[in-house]
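Keep in mind that the numbers below use all heavy atoms, side chains included, and drop hydrogens, waters and symmetry copies. For ligands, and for the atoms within them, numbers begin at 1 and follow the listed sequence.
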Amino acid sequence: MTEVKNPPRHVAIIMDGNGRWAQKKGLPRSMGHKKGAEAVKKIVEAAGEAGVKFLTLYAFSTENWNRPEDEVKTLMDLLRQYLKSQLRELQEKGVRILFIGERDMLDKDIIQAMNSLEKETADNDKITLCIALSYGSRQEIVSAAKKIAALAKRGDIAPEDIDIKMFSDMLYTSTIPDPDLLIRTSGEQRISNYLLWQIAYAELAFTNVLWPDFGKEEFNEILQNYSLRERRYGKV
Ligand code: FPP
């Protein structure tokens, strides 16, 4: 068990590189995703041990719906399996689970599994695992703007009442703090429509390790590095 001094309260991760991992080994992409799902378990555990209180994972983006049908099916089946088999383990480890994203796009049984996991784990307080599923940050921001416009149209608020706090409260992430650290695996250095509003002051960390190979050691090394950084939030 690794102790990290001043761990980030909230870590967000873009789990990238499953496909390349499989390709490098001459395996089908689906195997990369399967290995990727195993890496998820290890990292949730490592985060809890390090004292991270919120972990947000990008499991499926709104853009991922455009992947070939069989790949979308593989990912949905993996998620289905994960959601339906994890309850006991999550309970034992004190994990509270939350989902962000456009739920309506998902299959009914998946939505049901999500709702019941959220309900059953609501009182756990070791760590909150937030899974971004069918998530797109621009879509999230537009939907927040629509909610605010509707309130203004009804006369419930005046345009001058709109501030950062109100806007944040209209996002899927209204109940959790902003990420302190965003990690992306696999060597790509972009944000890909992930938590655009929420990462305003997050520290960014990019690693060349592909997601299925990303383990506790790599994770803890990034946390150690983070703890040495000085965050100034625009001040001197
Ligand atoms: C990116 O790799 C990864 C994804 C699109 C999906 C992430 C999903 C998992 C890790 C598995 C299930 C998740 C949970 C929470 C159980 P990529 O396919 O874009 O890889 P590539 O860029 O190398 O092609």
Side-chain angles (χ1 to χ4, degrees), residues 11-48 52 54-90 93 95-103 105-107 109-111 113-118 121 127-137 172 176 179 182-195 206-216 218-219:
V11 178
I13 307 185
I14 301 177
M15 310 182 286
D16 196 10
N18 293 348
R20 274 163 288 162
W21 181 92
Q23 197 179 20
K24 263 181 37 188
K25 293 191 151 39
L27 297 168
R29 288 176 63 82
S30 58
M31 281 306 291
H33 293 313
K34 194 158 174 264
K35 269 278 170 194
E38 289 167 22
V40 167
K41 285 195 194 174
K42 280 183 263 169
I43 297 307
V44 175
E45 206 173 280
V52 171
F54 299 86
L55 179 68
T56 300
L57 302 178
Y58 207 177
F60 194 87
S61 70
T62 41
E63 290 72 26
N64 287 154
W65 288 114
N66 301 321
R67 290 196 176 191
E69 207 179 311
D70 62 330
E71 184 164 343
V72 171
K73 185 170 179 322
T74 299
L75 280 165
M76 286 301 145
D77 284 346
L78 266 176
L79 285 159
R80 182 176 276 116
Q81 221 178 322
Y82 182 85
L83 301 182
K84 292 187 176 171
S85 68
Q86 286 305 294
L87 180 61
R88 227 181 68 203
E89 211 172 313
L90 295 170
K93 291 188 180 142
V95 181
R96 175 170 74 127
I97 197 146
L98 290 180
F99 296 92
I100 54 173
E102 289 177 35
R103 267 176 222 223
M105 308 269 295
L106 297 158
D107 286 347
D109 68 311
I110 294 189
I111 302 175
M114 290 161 69
N115 289 340
S116 74
L117 269 182
E118 282 185 332
T121 63
I127 184 169
T128 297
L129 170 61
C130 175
I131 301 183
L133 196 49
S134 187
Y135 175 84
S137 187
Y172 296 132
I176 60 178
L182 171 71
I183 302 173
R184 183 172 190 146
T185 59
S186 91
E188 309 292 351
Q189 302 197 1
R190 46 176 185 268
I191 306 298
S192 302
N193 203 16
Y194 192 42
L195 303 172
F206 300 100
T207 168
N208 288 331
V209 179
L210 303 173
W211 177 254
D213 289 330
F214 191 72
K216 289 191 179 187
E218 290 79 15
F219 182 71

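Closest heavy-atom approach to atom 21 (P) of ligand 1 among the candidates Lys24, Arg80, Arg20: Arg20. With distances taken over non-hydrogen atoms, the option nearest atom 20 (O) of ligand 1 out of Gly187, Ala59, Gly36, Gly19 is Gly19. Selection from Glu63, Met15, Arg67 by nearest heavy atom to atom 19 (O) of ligand 1 gives Arg67.
Ring geometry for Tyr58 versus Tyr194: interplanar angle under 30°, hence parallel rather than tilted (30 to 60°).
Contacts between Trp211 and ligand 1, counted as non-hydrogen atom pairs separated by less than 4.0 Å, involve the side chain only. With a 4.0 Å cut-off on non-hydrogen atoms, Asn64 touches ligand 1 through its side chain and not its backbone. With a 4.0 Å heavy-atom cut-off, ligand 1 is reached by no atom of Gln23. For Gln86, no heavy-atom contact with ligand 1 is shorter than 4.0 Å.
Inter-residue side-chain proximity for Met76 and Asp107 is flagged as unmet; no heavy-atom pair is nearer than 4.5 Å. Counting heavy atoms from C-beta outward, Asn115 and Phe99 have side chains that stay 4.5 Å or more apart.
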Q: Please report the C-alpha distance between Thr74 and Asp77 in whole Å, then the side-chain angles of each, then the deciding distance to 0.1 Å, and finally whether the side chain to side chain donor-acceptor pair (under 3.5 Å) criterion is met.
A: CA-CA 5 Å; Thr74 299; Asp77 284 346; over 6 Å; no

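Ligand 1 is never approached by Lys34 to a heavy-atom distance shorter than 4.0 Å.
For Trp21, no nitrogen or oxygen atom sits less than 3.5 Å from a nitrogen or oxygen atom of ligand 1, counting backbone and side chain alike.
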